[in-house]
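Note that the numbering runs from 1 along the sequence shown for the chain. For ligands, and for the atoms within them, numbers begin at 1 and follow the listed sequence.
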Amino acid sequence: MICLGIESTAHTFGVSVATREKILSNVMDSYKPKKGGIHPREASEHHARVCTDVINESLSKAGLSHKDLDLIAFSNAPGIGHTLGVGAVVARTLSKTLNKPLIPVNHCIAHVEIGRKITGCIDPVTLYVSGANTQIIAYQGGYYRVFAETLDMGAGNFIDSFARYSGIPFPGGPVIEKLAEKGGYVELPYSVKGMDVSFTGILTNLRNKLRTHELKDLCYSMQEHVFAMLVEVSERALAHCQKNELLLAGGVASNKRLREMCKVMCKERGAEFFVPKKEYCVDNGAMIAVLGLLMHDAGVKFKKSDYLISQRQRTDEVMVLWR
Ligand code: ATP
Ligand code: FE2
């Protein structure tokens with residue numbers, strides 16, 4: 001069974017060819033705004049421009065052609081409407097012309113499933129931290145339930161906004177990580193509310209401190225505060241769910257300090273820590289192909305409306321029939 005997975009929820013157009021056993025290719029092309037954040041129309045124009053080349057390159061890296069495909073999977077939710085639309089049209093066209101089944105896939109759940117596949121963890125609590133999303137997800141009672149989440153913006157968008165105020169271009173995460181290595185401690189708000197986290201207050205505080213403090217100190221302190229918040233709620237989710245595996249996913253998972261803090265917390269409570277390599281943490285087509293195959297094998301049935309894109313579908317709205 002050969003599946004082609006298409007990812008297009010935000011800045012990345014990704015295409016992967018995968019079988020149940022192996023990921024044969026994972027090609028991506030990301031829109032990079034000249035300034036500011038993601039401009040939805042520009043991002044969708046980027047995807048429309050590169051889609052054919054990315055598909056062809058993915059097939060060629062896998063050593064296959066269109067006619068070898070058995071299944072087309074695409075991320076139909078959640079994300080930016082403009083960019084989701086491009087992926088949906090491309091996927092539907094391939095499915096119709098090749099006469100192969102089409103599988104709509106939830107992007108957040110795909111981050112969890114690629115993590116399970118690549119790292120070999122079985123039943124993790126997932127700390128999913130990307131640009132738009134920050135959620136702590138665990139499987140319970142037939143659904144991937146959200147045990148904690150951001151009350152305002154995703155951690156990555158928060159980091160990118162702080163970077164933008166500091167004159168650092170998008171994506172700000174890697175530059176801030178580098179600056180933080182030489183920074184010292186400055187007190188900032190610590191914003192955990194119940195199981196949830198919030199970032200906008202910290203962002204305002206950081207913005208005000210830009211006039212009076214050194215950037216490297218703010219970068220260091222931002223990471224220490226925000227990652228401690230995330231690790232605190234992750235630990236409580238592990239305790240509440242009585243699970244002993246933590247999986248880190250999403251673009252912010254590339255951050256070494258976040259990984260280190262997760263690792264220490266897990267070690268201290270006797271849990272195991274897992275993080276896939278960067279290629280599978282950021283938005284990618286492989287995670288869509290992997291979840292597409294799982295859903296197909298579980299015999300998930302779709303209504304016509306399931307094929308539509310959904311900008312706001314929540315992780316816990318999808319019934320999980322493959323576990
Ligand atoms: P999603 O659609 O799941 O919200 P996304 O479109 O934001 O994902 P990702 O590739 O998962 O895309 O994540 C990108 C985010 O990761 C950006 O906000 C970027 O700043 C952040 N990021 C990347 N590397 C690092 C790093 N080393 N430290 C902190 N943040 C990072
Ligand atoms: Fe993502």
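- Note on the Fe ion (ligand 2): protein N, O or S atoms under 2.8 Å away count 3, no waters included.
- For the ring-ring contact (aromatic ring centres under 6.0 Å, His included) with His225, the qualifying choice from Tyr185, Phe199, Tyr220 is Tyr185, the only one to do so.
- Residues Glu7 and Asn284 fail the side-chain proximity criterion, which asks for heavy atoms closer than 4.5 Å.
- Side-chain contact between Glu232 and Tyr190 is present, with at least one heavy-atom pair separated by less than 4.5 Å.
- In this structure, a donor-acceptor pair under 3.5 Å is present between the side chains of His107 and Thr9.
- When side chains are defined from C-beta on, Val17 counts as touching Leu59, because their heavy atoms get closer than 4.5 Å.
- Considering Ser75, Cys3, Ser16 as possible partners of Ile288, the one that fulfils the side-chain contact (heavy atoms from CB on, under 4.5 Å) test is Ser75.
- Considering only heavy atoms from C-beta on, Arg236 comes within 4.5 Å of Val192 through its side chain.
- Around ligand 1 you find Thr9, Ala10, His11, His107, His111, Tyr128, Ser130, Gly131, Ala132, Asn133, Gly156, Asp160, Pro171, Gly172, Gly173, Pro174, Glu177, Gly250, Gly251, Val252, Ser254, Asn255, Val282, Asp283, each with a heavy-atom distance below 4.0 Å.
- Annotation for Ile109 and Val318: closest pair CD1-CB, 3.7 Å, computed over non-hydrogen atoms.
- A 4.5 Å side-chain heavy-atom check between Leu210 and Tyr165 finds at least one atom pair inside the cut-off.
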